Every structure is written in C-alpha cells, then in structure tokens.
Amino acid sequence: MEDPSSANPLGEPADESGLSRRKFLVLGTATAAAVASSFAARRLPAETPVAPLAAPTTETPWMAKLSLRVNGATHALELDTRTTLLDALREHLRLTGSKKGCDHGQCGACTVMVNGERINSCLTLALMHQGDEITTIEGLGTPQKMHPMQAAFVKCDGFQCGYCTPGQICSAVATLREIKAGIPSHVTEDLSAPAKLTTLELRERMSGNICRCGAYSNIVEAITEAAGAKDQA
Amino acid sequence: MKPFTYERAKSPAEAAAAATRQPTAKFIAGGTNLLDLMKLQIETPTHLIDVNGLGFDKIETTPEGGLRIGALVRNTALAADARVRRDYAVLTRAIVAGASGQLRNKATTAGNLLQRTRCPYFYDTAQPCNKRQPGSGCGAIGGYSRQLAVIGVSDACIATYPGDMAVAMRVLDATVETVKADGTKRSIPIADFHRLPGTTPHVETVLAPGELITAVVLPKPLGGKHYYRKVRDRASYAFALVSVAAVIQPDGTGHVAVGGIAHKPWRVEAAEKELPKGAKAVAAKLLAGAKPTEDNAFKLKLVERTLGAVLAAAKKA
Amino acid sequence: MKFDVPATTNPIDQLKVVGKSPDRIDGKLKTTGTAPYAYERHDVAPNQAYGYLLGSAIAKGTVTRIDVDKAKAAPGVVTIVSTLDVPKLPLGMRNIAQLFGGAEVMHYHQAIALVVAETFEQARSAASLIRVEYSRAPGKFDLAAEAPSAPLTGPAAPGGGDASRINRVGDFDGAFAAAAVKLDAQYTTPDQSHMMMEPHASIAAWEGDKLTVWTSNQMINWAKQDLAKTLGLPPENVRIISPYIGGGFGGKLFLRADVVAAALGAKAAKRPVKVALPRPMIPNNTTHRPATIQRIRIGADADGRITAIAHESTSGNLPQGRPETAPSQTKLLYAGANRLTALRLAVLDLPEGNAMRAPGEAPGLMALEIAMDEMAEKLGLDPIEFRVRNDTQVDPEKPERPFSQRQLIECLRQGAERFGWSQRNPKPAQTRDGDWLVGIGVAAGFRNNVLMKSAARVRLGKDGGVTVETDMTDIGTGSYTIIAQTAAEVMGVPLEKVTVSLGDSSFPTSSGSGGQWGANNSTAGVYAACMKLREMIAQKLGLDPANLEFADGAVRAGERRVSLAEAAGEAGLSAEDGIEYGELGKKYQQSTFAGHFVEVAVHSFTGETRIRRMLAVCAAGRILNPKTARSQVIGAMTMGAGAALTEELAVDKRQGFFVNHDLAGYEVPVHADIPHQEVIFLDEADPISSPMKAKGVGELGICGVGAAIANAIHHATGVRVRDYPITVDKVLNGLPELV
Ligand SMILES: Cc1cc2nc3c(=O)[nH]c(=O)nc-3n(C[C@H](O)[C@H](O)[C@H](O)COP(=O)(O)OP(=O)(O)OC[C@H]3O[C@@H](n4cnc5c(N)ncnc54)[C@H](O)[C@@H]3O)c2cc1C
Ligand code: SF4
Ligand code: FES
Ligand code: FES
C-alpha cells in the first residue's frame, strides 16, 4: 500500500501515520481541516487506491473542502461529505429559495439548474458539483428584477402557498430549453419530429414538480405566457 | 446516512479495484437511487467511488451495426439520441415514461439498470425485509402488495424490479458489458442480468462485488413498430403497475417484455410465438405459473389488456 | 364590532379594490424564493442546532427501554431527548394522540426521541444509533372488521338511549319502504394524507422561561394555547410566528410533534433547535382524513321527488377521537320529509384521524353525489333535473331556517350550459374517441360557511401608509392580498400603501385558516378595525364620522380634505377591533354551493382514466379577489381529482400503519393529471354573512368534484365504482372484452 498520509486524503488515514480515525475524532476540527484541505488541494482526490476502512461503522464525519459556483458567485465551503447540494444551498449558503419537500426525489421542490439542466438537488452530493454552474431561483431574478418566468407566475397566479414555486419556476425555465433542444417526452407523438411547445407537453414535462395546492392549470398558463407562445395542441 | 469517504475514479480498472478492496464501497453515478437509499440507511456504504469521470458518456455505433451505450450516458441523452429514436424507439419511449425530467437528467444507464425495488416494506427500515436484511422475513407477503410481483416470486420476496428502461432493453436483447477488479471483461445478456429473488432476494443481479458496468450494447436494429405502454395510477411520475415493451413486425411476429410484474423484466420467448394469435394467447403463456396476491391479481388481466392495446395499435399502424 | 343584523351598504360595497383581481402582494417574494418559511429562518435565533426525530416502530404498546448511549457519543451530538426522559405531557385542547413524552405508544411513527446535533447530517445519522425496545400491545387496524360493532356517536336525546343518537326527521323507515324508486348502496372512501409540500417544521428558542417558535401553522392562537398547555407554560410566555406556510389543508391546524420536540430539544440543548418532520414520517406521525364506510338510502316517488333519505357513516379513530362527519351535507342539501343521518365510530389504533380540507363534506359528497347519480339513472331522469326537483330553500330539518342565499340550481344550470350538457347521451358507454371511452359527469358541491370571531390592529403611519397586523395566516389562500384589499378599500388608499403582517401571536387573534372560514372572517375583522380607525381619524379631526369619505389617500368632509398622512400626524394612529357574530348564523343557514362538471376519457383496454375538462360554477357570496379565489377552487378541484383517482393511504392491518408513507407511494395528482380548469363565480353578495358579504370558497372546490369524476367514469364506461380511489383494477372488469 502506498503512503496513505499523502495519497489518501479522504480515505482512512492509516494506522502507521499515527492518525487513527479515533484520534481524528479526538483531535477535532484542526485535524479535520488539515485532512480536508489536503483533499481540496487535489482536484481528483483519489488518484491512488484507498485503504480499507478500519472501523466502517464509526460516525466520524468526513469533511471535504470544495467550491461551488452558484448564481455566478464562487463559494468556498467545508462540508461533511454527506451534504446534499440542497442542504449546501439551504443550510450553508443560506440560499433558502430552493425548497425541501421530501428529500427523496419525489416532489421537485428542490429543483435547481446545473449547467442549464434541471435536477433534484436533494439527490445529489454537493461535492459532486465542483466546477458546475448552479442556478437557483435566487439566480433567476429578484423581487426588484424578476425573470420573465417569475413575472408570469405572479401574473397568472401560478402558485398558492409558494412552497413548490421556486422548483416549478426553475423546472419551467429548463423545460422550455429542453423543448427547444428537441428532447422528446412521454407525450411526444412523433419521435422523428422536433418536440412541440403544447400544453400537453408542458404538463407531462412539468410532472416532476408536485404542487399540492393544485396550481397546475395556472402554472401551465404562466409557462405558456412566458414562452410567448400560443398553444399548438 | 453514514459517513463516507469519496473518490473520483480515473479509470474503470481503478474504480473496480477500489470497490473490491473495500467491500463497503459503492459506485455512485447519478446518485438518484443510491442517495435516496443512503438517507434511509438502506444502503450504508462507507466509501463512494464517483464513476462520473470515466468517460462512459458516449453512444457509439458498433461494427455489428448496433449501439454501444456508455454506462454513464444520462437517461435524457439516451432518449434524445437520434439513432435511438429512429432505430430503437421502444427504448426512448421506455425512458421517457420513467421518473421525471429532473431525475432523467441525472439518471445513468448503469444506475437505472441497478435501481432497487420500490417495495414499501423494503423502504421502511422498521419493517422486516429479506432483501434489506436477509433472514428478517418479508413484510410484504400478507401485507400490502398491490404494486408487487405476480410471477417469479418466492417465499422470501415478492418485490419487482421497478424500472422501465431495462424492459425495453430486454426486448431488444441488449448485453451489459462490465469490467471486474482484475481487469477481466464480460458481456452479460440482459436476460441473465437480473435474478429472481429465490432464497437470496438481496442478490439482485449477477454482478460480482466491485464489478463495474461500462456499457450496454444493443444489437443491430430489429425494425418493426416499437411500443412502450406503461400503465400507472397517475398520468406521470409514477412507477408502473404494468408496462409492455414490444417490437412488432409487419407480419405480426415480434418481441414482447413486461415490466412491473417480476423481479426482472419479464419475457418468455415461447409466448412471443403466440403473437399472431393475439393478446390472450400471449398472456396465457407469458403468465403461466403466476402466483399473485389478492392485492395484485388484477395485474394478470392488466397485462393481457395492455398487450391487447399494443397489438391493436400495431394492427392499425 | 358586533355583527348581528344583516349588512347594509358599507365602504366595502364601493368595490374599488375589493372584488378586483390584483396580483398577490406576496407574489414577488414567493416566486423569487425570498419568502421565508419556518425551517429557513437563519435570520432569527442565532446558533441553531439541528433536531432529527425518531418515530416509533410499533403501532401500539409501550417503549420499555431507549438506549441513547451510542447516539450521544456520536460526533456533533449536542443532546438527546427521549420520550422516556419526559413525563407524559398534557394534551393540547385539540390533540388526541400524544405528541411526545411518556412510554405509551398510540400509533406508528409517534415521535419517541429527538437527536440534537451540530449538523443535519450528524443528527440524522445519530438517530439511527438509538436502540429502542418495545412491548407490543395488540391493536385494531381494520375499519371494515370493526365497523359492524362500531357504536353510534353524537349527542343522545335525554333518556333516549343509544338509538337516539340517530338523527331522524319524520319517518324514514316507513317512507323508504313505501317509495316507488329506491337506492340502498354502500360507498367507501380511504384514509387520505394532506401531503402539503412544506413538511411540518419549527425552530424553537428559549429566553429564560419564554419560548418563541417559528413554525408552520394555520391557527396561531390554537398553537399558542396548546403549546402552553402541553409544556405547562403561561400562554403569555409563548410566542408563535408563522408568516409563510407551505400548505396545510387541515394538517397544520393543530400543534404537532415538531413544535413540542423543538421546544424540548432547545431547552435541553440550551440553544435554539430546528426540527422538520422527514417526509416518510409525516403520514403516520401526523393526522390524516379517516376512511369511511357509508350507506346511503334514497327513496323517491315516480316523479323523482325524494321522500326518504338516509346517510350513515362509519369511521375509526383513536380513543377520544372524533368521527369523520360524512353525512353532514345530507342534512341540508336536498329536500325530503323523512330523513335519517347517523355516525358510528370504531376505535382504531391507527394514527390520529382529523380534519383535512372539507372534513365531512369532502368524503360525504363523494358518496352522496354518486348516489344521486344512481337515483337519477333509476328514475330515468337527467341528473341535473333530479337535483333541481329536490332543491330546498330552507333547512330541511328545520324548515323555519331559510338559507341566507342558495343558488345551487343556478350553478347547475349555468354549468350545464357552459359545459354542453345538453349534448350528453343519457345512456352510458356510448361515446368513443379512438381507444378511449368518453363520458361527462356532474355533482353538486356544498360546504357550510363558518363564522368565527376575528380581530386585527390597523395603524396609520405618518406617511399615510396603512399597516394591518393580525395573527391570521396565509396558507396559500391569498390572505395577505385580500386583507390588503380590504384595508385599502375602507381606508381609501391604493393597495401599495397597505402593509400586511400576519402569523404572529403578538398580533390580535384572528379566525385563523381552516374550514374555508379564513377569508370572510379575517377580512371582516380587518374591516372592523379599519372602521374604528376611521372613527379615530374623524374624532381627531373633529369631523362627523357619518359624513366622511375616505378616498385617494385622504379623508373628505364636504369641502374639507385632509390627507391621511396629515391626519396620522407624527405619532400615527392605531386602532384595534374585531368582528363578533350574533344570532344570524342560527337564524339562517349559511352555505356555499357549486356545480361540478367533469369530462373523462377511460382507456377501453387498460382502464386508465384521464380527466379532459373540469368546470366548477360556484355561488359563495362576494368574491373578494376572483384571481386568488379561483386558485383556491382549482386547487381544491385538483385535490378532489386525487381523491377520486389515486389517493389512498394503504393500511397494513397486521402492523397497523400506513404503508405508502411517502410522496412516491402516496400518489397525489401531478401536472399531467390535470387539464385546464374553468371556474365561474355567480355574482353574489350575502349580507347575512358579514360586512364583507363574502363566504368561504377554499373548500367548496373539493366538495363534490370526486363524485363528478366517478359519475363521468360511469357515463364513459357503464362501470359504477363505489369504492374510492377509482383505480384501473376497479374498472377493468367492466370494460369491453378483448377480441
Ligand atoms: C421519485 C422517483 C421516481 C422514479 N420513477 C421511475 C420510473 O418511473 N421508472 C424508472 O425506471 N425509474 C424511476 N426512478 C428511478 C431512477 O430512474 C433511478 O433512480 C435512476 O435511474 C438511477 O440511476 P443513477 O445513475 O442515479 O444511479 P445511482 O443512484 O448512482 O446508482 C444506483 C446503483 O447503481 C450502482 N451503479 C451506478 N453506476 C454503476 C456502474 N457503472 N457499474 C456498477 N454499478 C453502478 C450504484 O452503486 C448504485 O447501487 C425513479 C426515481 C425516483 C426517485
Ligand atoms: S417483497 Fe422483497 S423487498 Fe418487499 S419486504 Fe418482502 S423481501 Fe423485502
Ligand atoms: S425535495 Fe428534492 S424532490 Fe422533493
Ligand atoms: S403552491 Fe403550494 S404546493 Fe404549489
């Protein structure tokens, strides 16, 4: 096995290094930071094999230093490896516009755009998004300067309690792009033709965003309005 | 979720080797199934090997005239690929019938094949489940089993494989390409890839520990009309009660596989011989030996009628 | 302000702002992610720790041991509060199930421990290290099995014995036996979950023995009183703050475990603690709409006039729980001299059953309005005509009580016209569109208007701006906006000049949000406070309050015009008042009405149902803001579609819990399920209800729509399903044979 203290920043520090996991725990933050920064020093941390964990059930969190680009700004963070992108945004960057409705990919409230594509931020790890361009509802617009999709939601009353709304709006913006890019959906009849912007298509494509208040009918109107397109259905 | 260390694998062999060295390691691709299960501690890896950097994100034409789909190709990209839409429409149809736009943007070919059951007892760690905790019993048998399997079940487990994409791959006779830690590669016919639960429902595929999926290969196009008909309780963003993937030739022959009814995509070649005779004849052979529960017996009829819908559409087309 | 005589002309009738459809005043915040919900208050109570709840793994019994040693030793763990550390806490006035404390387990996923840690990840992980030992007790979980022996419930007549709990008018049995045409059918509705998008969440912070909670709650004052009672605090030491609520639907009417656990955790941790219920814990930890088994009997003469009508319902609940009052609308909706309603309540050891959007009417109409459709069919009458023939303008149980307003027939007629009802082939299963069988259905909607007192404080600032403060909540209903419209109307200022602050127990007590009572009552309370403020202004300026005109940011008396800014002066003016109701609610029956129209297509092979069109025509008094009111109605129609087609908490009758306890297993409608929805409001103003002349509308939309869908499915296929939800398996057997 290679010298683990240098080669294995995120794996278990080997016993020979004198930094057992137990001690790591006892030493606390200073060591955690040291370990984490050595991780941060490596873009691809595990170029060399990782040693088996000595005590796989121990609760000691592993910290990772990372930087996230959110809404055009770069943020340096030191996070428990377990932190989801959603929790990094909400709890660490305090960008609470992205909502947690289920934490299991079942509602869409956490929808954000990563490199322009919508994803559920609750089902991805923050540390898997270094170098990505993340856009949240806060990055689309502000109360003073709203994105046309946000304005259309207000105009068409495409929300009620507002909790699913940031996810709906991010999803809607990305949906229009997906249609433009010709990505087919479950209701696309002709797979050889470009996808159309119809209410049927919008409804299917927006189905990963649940609105329990039931604003669906208005949301589709808002998206249609923002798309500046007439229904072709 | 238990603490874990994390690495980005740089080569397939390295990834496989890392996984073998650490029995409690897991690959992570899109993460949409793994993280879901880790939050509930149904999966408790102590090390994650991120395979996203391995470059398996391409769809290439094979010398045989088929397609090699990289293990990391996202569901969205696969469904949208012009070749797939043209020659393997059943695959596009199956993928876009699954999950949501957001999930499909993350979900990968390999991850989708390996997604675990949605049995609600498997998901509730306070309940017994032989798949989650071998030997603990099966909560679903005698419990609420409406979504669960009607065929190929065992006394230990009646869960289904819940995915859509694999059902289409089954109809297309895809093969799964892998690499093991020692560098050996193999091609596994999709028919053999998923296992029936038997007495070891926790062993869901024939993959060896640490074995990495690198690609899924489709043989040359079958031609014919392609259908993926998914029946679910709501119109979208729901798992199948029953789904039928079919490729039907102008002469009425073809291939059919069914999802939502077994621990693997369900295809019976002998049943396909009955295609010209109609849905009832096919379903009778396809479902021979079915052992439904009271909750899910309706799936037998639903399979028959969904097949009927597909065959009627094929006839019209 | 006491409201005990019908309203006459008042400032609201100007309808310069009220009755219009401005955008929601909180819209910019909600659409930009800047409206703060409970769990997100990083701006308050510094040094918050994360709490994670552990739920019971058994449905009934006792916790015999909780071993927290391992969890306590886990990194980052600040403290752990287990249910065995806390004595059984007094129940809030409105709680049935124990929220926290003591060894007894009353239902699955009852909160039994809270881990408080530095991070969410640490708290969640440590929670799994807690080892719990239970002693299981046998429980009752199967409503159908308990129903035959379920006792009657409700008030008994003095000396009348148990049978007197059956509510009778005339001689039902005789009339039913003699009726020319009869229906006797059983209907069932399942347990349902609110599944509001924002999980129950709270941040609790102590300052000495004073507790502040940022939470998500529909009824601020109830939460305050019940939290104080539960924790043994004087109410004045408890402050509840809940300005934005990510949906409630009745699920956030009451104090829940997140609040209590956060408070106990914060006490133990000696720092603020925040707790959200994990989604998979919500259906079993909180309340749900209880399942019902309903029997409806209707007898009519050959002309289709109802002579006898009976509606009985059985539901289950924990001991001390209440029944789901499914027959309630049947007391009022249709005429008929001989009537019977009854409720039976079984004891079940499932989680607590309680209010969910339109408790009573929602499941009740799902049954009654199928029964009406079935009767019409038996009579060979058009279902609308059958309803028209049995309209009543008075309370059929107490004919001396008229309805304050009742335009049900008009709703049905206008809806029929708009929907193209006259094109309907009375014979079912006649219309095809390719592989789809197409049908349309109708149902009446009905929900009572509830009067609750409600107070507010209104301040006039030196800039002429008006600020309203009330502990009213906006759960998506549009309270912010309609309250601003009310204040703008009465004070004669533009909407932009009004600031509305809600959801804080330091504000005057309002009606809160529930039972579709929020809009009418809370705005009436604001109206009262504004009228008082007008009086104060008049007094200050020495003007006769009777002859004042408030308009354009000024008050005018004859030639004299004083701007409100000037009237306010440097110190500003502040008035507090509320609305209180007299006997009008007793003298008149106040209800809201709707005609629901639905077109469905049912796949002739697979039995999948797709809703193609939905229309609701509503008569609900004055509509304060047609835009937000319409949203309320379409939202409720959507929830009704879920109830009709997909929603069911599946009960494991051995283990006693709801099995499909997350948002993947419990299927609420998604975008693809819901077509464009149309809503028409009849032009009404009901002077009996309040000075606003408005009534509730937030629940009317769910009332009846499920049956309209069921009736449309019947019309499309000829298959009559009486057990909700109407999933493919229930229609499959009645579809055309495969060839
Ligand atoms: C609410 C919800 C609804 C859904 N609905 C549907 C649906 O209707 N139909 C459907 O088909 N699916 C559905 N899904 C499932 C979804 O498609 C899967 O979660 C997804 O496809 C998994 O892909 P992934 O790349 O994210 O996998 P991951 O979560 O990254 O991995 C899944 C598993 O595969 C392993 N793995 C990943 N890559 C490799 C590799 N290269 N070699 C070996 N092992 C590997 C991982 O270790 C893990 O065990 C749904 C999911 C959710 C959350
Ligand atoms: S059916 Fe299988 S997955 Fe479900 S509880 Fe039984 S063993 Fe577990
Ligand atoms: S919070 Fe991510 S999908 Fe619900
Ligand atoms: S606005 Fe409340 S859930 Fe969509």
Side-chain angles (χ1 to χ4, degrees), chain A residues 8-12 39 43-53 56-62 64 80-82 84 103-106 108 110-111 114 117-120 122-125 127-128 167 171 174-175 178 181-188 191-192 203-210, chain B residues 1-10 14 17-18 21-25 28 30-36 38-40 44-50 52-53 74 76-77 79-80 82 84-86 89 92-93 95-106 123 226 230 234-238:
Chain A
N8 180 21
L10 260 185
E12 175 65 9
F39 164 65
R43 285 289 129 130
L44 293 168
E47 282 157 42
T48 43
V50 173
L53 294 177
T57 55
T58 154
E59 288 285 310
T60 310
W62 292 101
D80 191 319
T81 54
R82 293 172 287 185
T84 60
D103 217 12
H104 288 278
Q106 303 167 354
C110 64
T111 304
V114 173
E117 285 180 5
R118 54 181 174 154
I119 65 163
N120 300 111
C122 70
L123 284 188
T124 191
L125 295 171
L127 59 76
M128 292 174 82
S171 202
T175 290
E178 286 171 16
I183 292 166
S185 86
H186 176 57
V187 298
T188 308
L191 289 184
S192 62
R203 272 187 220 125
E204 163 58 26
R205 289 168 191 268
M206 289 297 293
S207 286
N209 291 86
I210 290 175
Chain B
M1 198 183 292
K2 289 289 142 192
F4 55 81
T5 48
Y6 167 87
E7 72 177 289
R8 271 178 213 129
K10 279 183 71 184
E14 207 181 279
R21 236 187 336 271
Q22 261 174 275
T24 54
I28 183 163
T32 59
N33 190 232
L34 185 59
L35 291 169
D36 177 19
M38 283 169 66
K39 288 179 184 192
L40 299 164
T44 51
T46 58
H47 184 65
L48 288 186
I49 304 159
D50 183 343
N52 284 289
R74 306 288 154 179
T76 301
V84 177
R85 285 157 77 161
R86 189 186 61 222
T92 290
R93 292 282 181 212
I95 291 171
V96 297
S100 67
Q102 290 94 314
L103 288 161
R104 293 192 298 268
N105 281 343
K106 279 252 106 188
Y123 262 82
H226 289 221
K230 178 174 179 179
R234 63 186 177 197
S236 189
Y237 201 19

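Since the structure is predicted, the reported quantities are computational estimates derived from the model, not experimental observations. Each chain gets a letter, A, B and so on, in the order its sequence line appears, and its residues count up from 1. Heavy atoms only: backbone and side chains are in, while hydrogens, waters and symmetry mates are out.
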**Study point:** Residue list, side-chain contact (heavy atoms from CB on, under 4.5 Å) with Arg82(A), at least two apart or on another chain
**Key:** Pro61(A), Asp80(A), Met1(B), Pro3(B), Phe4(B), Glu121(C), Gln122(C), Ser125(C)
Check your understanding: For Thr84(A), what residues pass the side-chain contact (heavy atoms from CB on, under 4.5 Å) criterion, not counting sequence neighbours?
Key -> Leu86(A), Asp87(A), Lys39(B)
Let me know if [X] has heavy atoms under 4.5 Å from chain A in its side chain, its backbone, both or neither.
| X | answer |
| --- | --- |
| Asp36(B) | both |
| Asn52(B) | side chain |
| Ala97(B) | both |
| Thr32(B) | both |
| Leu48(B) | side chain |
| Arg85(B) | both |

Review point. Can you tell me how far NE2 of His186(A) sits from CZ of Arg104(B), rounded to the nearest 0.5 angstrom?
Key: 9.5 Å
**Study point:** Reported CZ-to-NZ distance for the pair Arg118(A) and Lys106(B), which is rounded to 0.5 angstrom
**Key:** 14.5 Å
Review point. Asn105(B) side chain to Ile119(A) main-chain N or O, any donor-acceptor pair under 3.5 Å?
Key: no
Looking at every non-hydrogen atom in both residues, tell me the closest pair between [X] and [Y] and how far apart they are.
| X | Y | value |
| --- | --- | --- |
| Leu103(B) | Gly105(A) | CD1-O, 3.7 Å |
| Glu204(A) | Val96(B) | OE2-O, 4.0 Å |
| Arg8(B) | Leu127(A) | NH2-O, 2.8 Å |
| Pro184(A) | Ala79(B) | CG-O, 3.6 Å |
| Thr188(A) | Arg93(B) | O-NH1, 2.7 Å |
| Ser171(A) | Gln102(B) | OG-NE2, 3.3 Å |

Quick one: what part of [X] sits under 4.5 Å from any heavy atom of chain B, side chain, backbone, both or neither?
| X | value |
| --- | --- |
| Gln106(A) | both |
| Ile210(A) | side chain |
| Met206(A) | neither |
| Ser185(A) | backbone |

**Study point:** Heavy-atom pair count under 4.5 Å with chain B, highest-scoring of Glu117(A), Arg203(A), Arg205(A), Met128(A)
**Key:** Met128(A)
Exercise for review: Go through Thr175(A), Val114(A), Asp103(A), Val187(A) and name the one with the most non-hydrogen pairs under 4.5 angstrom from chain B.
Suggested key: Asp103(A)
Practice item. Evaluate the criterion side chain to side chain contact (heavy atoms under 4.5 Å, CB included) for residue pair Leu191(A) and His226(B); output intermediate values, then yes/no. Key: CA-CA 11 Å; Leu191(A) 289 184; His226(B) 289 221; over 6 Å; no
